[in-house]
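When reading the values below, keep in mind they use all heavy atoms of this one structure, side chains included, and skip hydrogens, waters and symmetry mates.
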Amino acid sequence: MHILENKEGFRHSLLHWYRTEKRDLPWRRTSNPYYIWVSEVMLQQTRVDTVIPYYERFIAKYPTMEKLAEAEENELLKMWEGLGYYSRARNLQAGVREVVANYEGNVPTNRKEISTLKGVGPYTAGAVLSIAFGIPEHAVDGNVMRVLSRILLIEEDITIPRTKRIFEDVVMDLIDKQDPSSFNQGLMELGATICTPKPKCLLCPVREYCQAYDEGRQEELPVRTRKKRGKVIPVAIFSVQNEQGEWLLRQRPENGLLANLWEFPMVELTTNESAEETLFKQLGLKVDAVSDIMSFKHIFTHLTWEVKSYCAVLKNGKRVPDGYKFFTATEVEELPKPVPVVKVWDMINGGENENDKK
DNA sequence: CACACGTGGGC
DNA sequence: TGCCCAAGTGT
């Protein structure tokens with residue numbers, strides 16, 4: 001049966017399956033548009049299992065848009081620590097502030113207005129509109145493209161931005177007007193649990209509508225071009241204490257990688273010189289009693305840090321580079337830090353690494 | 001359009 | 001081990 005010849009049958013099968021088999025997730029117990037919004041932002045490029053505890057803590061800390069609007073950025077970033085893509089948190093707060101200030105605290109209910117909010121792109125706009133408000137709008141993510149590329153045997157490269165329009169048009173043609181929320185979530189749930197990269201077709205509720213399954217080509221879809229690997233950058237991290245035992249850190253720049261997070265003095269090792277020499281040349285920081293802490297790789301999407309970390313003390317006690325400050329251990333704990341810095345910090349504090357665990 | 005932007009899990 | 005992946009957005 002071709003899906004376009006029996007859209008009603010497809011909708012019915014998908015919706016029935018979703019309503020009976022859907023996972024019980026925290027954000028599925030609410031229709032509060034703010035909570036849906038938070039969940040959708042957290043779920044961007046991030047797994048459900050990872051998001052759940054972050055979502056619970058975030059909603060407990062910021063139960064209303066007003067609370068989030070008032071939050072301090074360091075505290076907000078601390079709530080996001082470890083989740084990655086930290087600009088999502090700042091954009092979310094900016095968007096929420098906008099709603100509080102300019103929309104009387106009501107999330108806009110049309111695509112044009114909601115899409116003006118920071119961090120709300122085509123997907124998040126459609127997800128909030130359909131899930132929170134029951135408005136029939138497309139919400140096309142990676143799951144939806146995978147599912148529909150198989151069902152309709154669409155062979156366009158899904159890594160090319162304009163390809164997404166094809167799927168948005170398909171969704172608007174197929175979407176259930178009575179329950180757009182379950183329809184959109186059903187497509188995503190199917191992609192997340194059954195129509196996975198290695199699909200479990202025998203469990204699929206809409207197998208009879210799937211052209212790729214018909215032809216045994218489900219594993220060939222969706223078509224996506226390779227991404228190239230990132231560069232490898234050797235870096236040295238120095239945890240430096242003063243005579244009072246306080247730690248030297250700085251806030252990273254407000255734009256770019258790990259924006260506004262806090263870190264120990266860190267230098268790229270571009271020459272053959274020692275980490276200690278490089279530290280002095282780049283930051284003017286003279287240290288003494290240098291000892292190794294740990295070495296590891298930290299892999300970002302687009303680059304890899306080869307980290308060597310050291311413990312040291314200030315040599316002359318005075319010169320602190322621009323932007324750096326000393327913090328007590330308690331203060332260091334409270335600062336939002338990227339994972340590689342947390343790793344070093346945990347090791348300093350008697351922590352273990354994987355090599356120790358076993 | 002192409003790339004920057006995190007992190008952890010799966011195989 | 002290295003590579004791919006996961007409910008995208010901003011520039």
Side-chain angles (χ1 to χ4, degrees), chain A residues 18 22-23 25-28 36-55 77 80-92 94-95 114-128 130-131 138-147 157-165 167-168 171 181 184-193 195-199 219 222 224-233 252-261 263 296-305 336-343 354:
Chain A
Y18 177 71
K22 65 182 176 187
R23 291 167 293 175
L25 303 173
W27 45 90
R28 286 184 177 161
I36 302 297
W37 184 3
V38 170
S39 73
E40 291 301 340
V41 171
M42 286 188 170
L43 285 163
Q44 289 168 13
Q45 299 290 285
T46 311
R47 289 185 155 72
V48 164
D49 289 343
T50 302
V51 166
I52 289 173
Y54 282 89
Y55 172 85
L77 288 173
W80 213 270
E81 185 182 88
L83 199 50
Y85 288 139
Y86 298 95
S87 66
R88 288 184 295 173
R90 294 190 299 157
N91 288 337
L92 174 60
I114 201 173
S115 297
T116 67
L117 302 173
K118 298 285 188 302
V120 178
Y123 165 75
T124 304
V128 173
S130 62
I131 297 171
H138 59 78
V140 174
D141 68 346
N143 285 315
V144 173
M145 288 196 281
R146 184 170 55 253
V147 169
D157 180 350
I158 66 164
T159 63
I160 296 172
R162 71 178 140 74
T163 301
K164 194 159 73 156
R165 281 193 232 137
F167 294 96
E168 290 170 347
V171 169
S181 169
N184 281 340
Q185 291 192 80
L187 283 180
M188 290 189 275
E189 186 80 353
L190 193 61
T193 61
C195 197
T196 49
K198 298 284 180 194
E219 302 221 16
R224 58 161 84 224
T225 51
R226 286 266 194 303
K227 288 176 202 165
K228 50 183 174 185
R229 287 230 322 277
K231 304 160 297 235
V232 176
I233 302 176
R252 290 178 61 87
E254 63 179 336
N255 293 306
L257 186 65
L258 305 169
N260 283 4
L261 272 63
E263 67 183 11
F296 57 91
K297 282 186 183 179
H298 186 79
I299 302 165
F300 298 92
T301 305
H302 57 298
L303 59 88
T304 297
W305 280 356
K337 302 173 286 297
V339 164
V341 175
V342 171
K343 247 184 212 175
E354 285 97 48

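What separates CZ of A/Arg90 from C1' of C/dG10 is a distance of 12 Å, to the nearest Å. One interatomic measurement links the two molecules: CG of A/Leu92 to P of C/dG10, which rounds to 12 Å at whole-angstrom precision. Between A/Asp141 atom CG and C/dC5 atom P the separation is 15 Å, expressed in whole Å. Atom CD1 of A/Ile158 and atom P of C/dC4 are 14 Å apart (whole Å). Straight-line distance from the CG atom of A/Leu187 to the C1' atom of C/dA6: 17 Å, rounded to whole Å.
Electrostatic pairing of A/Arg28 and A/Glu189 counts as a salt bridge here, judged by a charged N lying under 4.0 Å from a carboxylate O. Note on A/Arg252 versus A/Glu263: salt bridge recorded, some NZ/NE/NH1/NH2 to OD/OE distance being below 4.0 Å.
Checked against side-chain hydrogen bond (donor to acceptor under 3.5 Å, both in side chains), A/Lys198 has the following partners two or more places apart in sequence or in another chain: A/Glu219. Residues meeting the ring pair (Phe, Tyr, Trp, His ring centres under 6.0 Å) test with A/Trp37, sequence neighbours left out: none.
For the C1' atoms, the distance from B/dG6 to C/dC5 is 14 Å, rounded to whole Å. Distance noted for atom C1' between C/dA6 and B/dC1: 23 Å (whole Å).
In this structure a side-chain-to-backbone donor-acceptor pair under 3.5 Å is missing from A/Thr159 to A/Arg224.
Between A/Tyr123 and A/Gln44, the side chains place no donor N or O within less than 3.5 Å of an acceptor N or O (distance only, hydrogens not considered).
Residue A/Arg23 is in base contact, counting any heavy-atom pair closer than 4.0 Å across all strands shown. Within the nucleic acid shown, A/Trp80 has no heavy atom closer than 4.0 Å to any nucleic acid atom. Using a 4.0 Å heavy-atom cutoff across all strands shown, A/Ser39 reaches no nucleic acid atom at all. Looking at heavy-atom distances under 4.0 Å, A/Val144 makes no contact with the nucleic acid at all.
Residue A/Trp27 is the one, among A/Trp27 and A/Asn91, whose nearest nucleotide of DNA chain C lies closer to the 5' end (criterion: closest heavy atom).
For A/His298 and A/Phe296, the gap between ring centers reaches or exceeds 6.0 Å.
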Walk along nucleotides 1-10 of chain B from 5' to 3' and tag each nucleotide B, S or - by protein heavy-atom contact under 4.0 Å, base first, then sugar-phosphate. S-SSBBBB--
